[in-house]
Amino acid sequence: MAKRVISVLLATVMTVSLLVGCGGGSGDSNTGAGTGTEDASGSSDAAGDSGSAASSDYKGTIRFLNFKPEVSDAMQEVAAAYTAETGVNIQIETAASGQYESTLTARMDSSEAPAIFVVETATALATWKDYCRDLSDTDLYASVTNKAYTYEADGKVCGLVYVLEGWGIIVNSAITDAYFASANKSTEYTSLDELYTFDALKAVVEDMTAMKDELGIQGVFGSTSLKQGDDWRYQTHLMNIPLYWEWGADIDINGAVPEFSFKEAETFKNILDLYLNNSVTEPNLVGTKTVDDSMAEFALGQCAMIQNGDWAWNTILNTDGKVVENDKVRFIPITTGVAGEENMGLCVGGSQAFCVNSQLPEEDQQAAIDFLTWLFSSETGKTLVAQKLQFVTPFSTMEGAEYTNPLFGSENEISAAGKTAYSTTCNLIPDQTWKDDFGASLLLYAQGQKSWDDVVKDAVAEWEVEREIANTANGY
């Protein structure tokens with residue numbers, strides 16, 4: 001079943017034509033995960049010997065700047081396993097949330113420049129393309145199941161997308177089932193399968209809030225984390241919804257940044273207000289809350305719902321005191337009140353790609369390529385990717401890897417029901433500056449210090465400024 005879910009997820013990504021590649025490539029992506037009981041340290045039966053890397057004569061250190069904080073601990077397991085199996089030292093540093101570009105800039109200017117780094121937008125590629133080795137002659141590139149999963153510039157393959165992601169509202173169905181079965185509920189809804197419109201979601205959420213003592217929760221939603229650096233679920237992922245509806249499904253997310261009028265500002269406000277007003281945390285305190293706080297609230301059963309992606313399963317699973325049952329964790333789509341949203345599913349896509357630093361000596365570049373090849377093709381590496389990092393990848397070498405993330409089953413059900421996935425229109429947000437400033441505005445709004453009209457006005461005005469900067473940098 002796990003393998004079937006992965007294939008459906010990949011098919012969904014291709015269906016929505018998520019354009020990631022640059023200079024001729026079209027791509028997509030969407031993360032996945034699994035957690036299992038296998039020991040991924042390299043000593044388990046699952047790790048086997050057939051794909052083990054040979055010891056290496058390389059005496060340097062591979063430096064890798066990781067983009068994803070949620071897998072920072074797992075990345076240390078990866079590093080330890082690679083060193084144990086090959087004798088090669090690898091140091092994996094994880095940039096703080098929202099600080100990747102600034103951290104990468106600082107590291108590139110130092111004596112400890114990373115051999116492996118990540119780009120996730122056309123703007124980032126324009127900045128770093130001269131630092132990207134051409135990967136077209138590598139075994140890993142040859143294993144990409146569709147060359148859409150690449151970043152290309154100046155006639156070279158600059159990066160390979162490595163993780164495919166889906167996001168929406170994660171639900172503890174044990175709590176919602178208790179609500180639907182209660183004689184005290186005030187709605188007629190009986191299943192999560194009916195919550196495909198905002199009106200339905202709002203009615204159920206507000207009724208659950210009134211019944212939170214009976215349901216044993218502190219709030220329906222986990223904390224809306226609007227602390228700087230932890231606001232990406234809203235200034236980027238939630239923003240994906242209004243951008244999709246404003247521009248349409250055919251927007252080229254690999255092209256120029258379009259004009260933006262925030263046409264769906266009121267529907268964005270609908271869901272944000274629902275989060276804020278039916279949460280574990282009061283709106284005026286959300287500036288103190290982190291993503292980890294909100295995920296812990298979900299794992300500990302303090303809330304019933306949380307907006308996040310399938311990558312969050314690892315965090316849920318490893319929360320001390322976790323009470324949510326694995327088979328009760330599932331997705332519903334984010335709804336905001338737009339006509340036609342009942343036909344929509346999850347947001348599906350991604351853009352993060354590994355690049356190898358062409359400015360380092362050839363032996364360092366080759367060592368980095370050897371590591372990435374090991375990670376996605378050796379038995380030890382594949383087990384780590386599936387069971388620890390929990391990445392669904394576009395590499396054929398990962399065929400046969402076992403994934404046990406329960407959110408994949410939910411993704412499969414939503415896709416099988418014929419729902420249309422939202423493409424990753426948020427890839428066209430001009431830059432991190434716009435995201436940070438919009439997140440700051442959302443916090444002021446939540447705290448009652450800024451009107452919604454001013455949030456919208458500032459978002460539109462700054463978009464035009466940052467749009468011009470981004471398009472100029474990208475040659476548009």
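Values reported hereafter were calculated over all heavy atoms of this structure, with side chains retained and with hydrogens, waters and symmetry mates removed. These numbers were taken from a predicted model, which means no experiment stands behind them.
- Between F260 and W434, the angle of the ring planes goes over 60°, which puts this pair in the perpendicular group of the 30/60° scheme.
- Annotation: salt bridge (Lys or Arg N to Asp or Glu O under 4.0 Å) contacts of K289 (sequence neighbours excluded): none.
- In this structure, H237 and W167 have parallel ring planes: the angle between them is below the 30° cut-off, well short of the 60° mark.
- No close placement of the Y162 and F395 rings is indicated, their centers lying 6.0 Å or farther apart.
- Scanning all heavy atoms of the two residues, the minimum distance from W311 to G166 falls at CZ3-O, 3.8 Å.
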Checking side-chain contact (heavy atoms from CB on, under 4.5 Å) for the pair I62/I116: CA distance, chi angles, key distance, verdict? CA-CA 8 Å; I62 302 169; I116 303 168; 4.2 Å; yes
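- D458 meets the salt bridge (Lys or Arg N to Asp or Glu O under 4.0 Å) test with K450; sequence neighbours excluded.
- A donor-acceptor contact closer than 3.5 angstrom is absent between the side chains of E70 and W313.
- Taking the centre and axis of the six-membered ring of Y141, the NZ or CZ atom of K147 falls inside the cone set by 45° and 6.0 Å.
- The minimum heavy-atom distance linking W463 with L243 is given by the pair CH2-CD2, 4.1 Å.
- Using modelled atom types, no side-chain atom of W128 and backbone atom of T105 make a donor-acceptor pair closer than 3.5 Å.
- Note: F268 and F438 have tilted aromatic rings, judged against thresholds of 30 and 60 degrees for the angle between ring planes.
- In summary, E93 and R107 engage in a salt bridge, as defined by a charged side-chain N under 4.0 Å from a carboxylate O.
- Annotation: side chain to side chain contact (heavy atoms under 4.5 Å, CB included) contacts of R233 (sequence neighbours excluded): S225, V291, S294, I306, Q307, N308.
- There is no side-chain donor-acceptor pair under 3.5 Å between T336 and E264.
- Between the side chains of W374 and S378, at least one donor-acceptor pair of N or O atoms lies under 3.5 Å.
- Shortest non-hydrogen contact noted between D231 and A440 is OD2-N, 4.3 Å.
- The existence of a salt bridge linking E462 and K435 is excluded, since no basic side-chain nitrogen approaches an acidic carboxylate oxygen closer than 4.0 Å.
- Between the side chains of T290 and D292, no donor N or O sits under 3.5 Å from an acceptor N or O.
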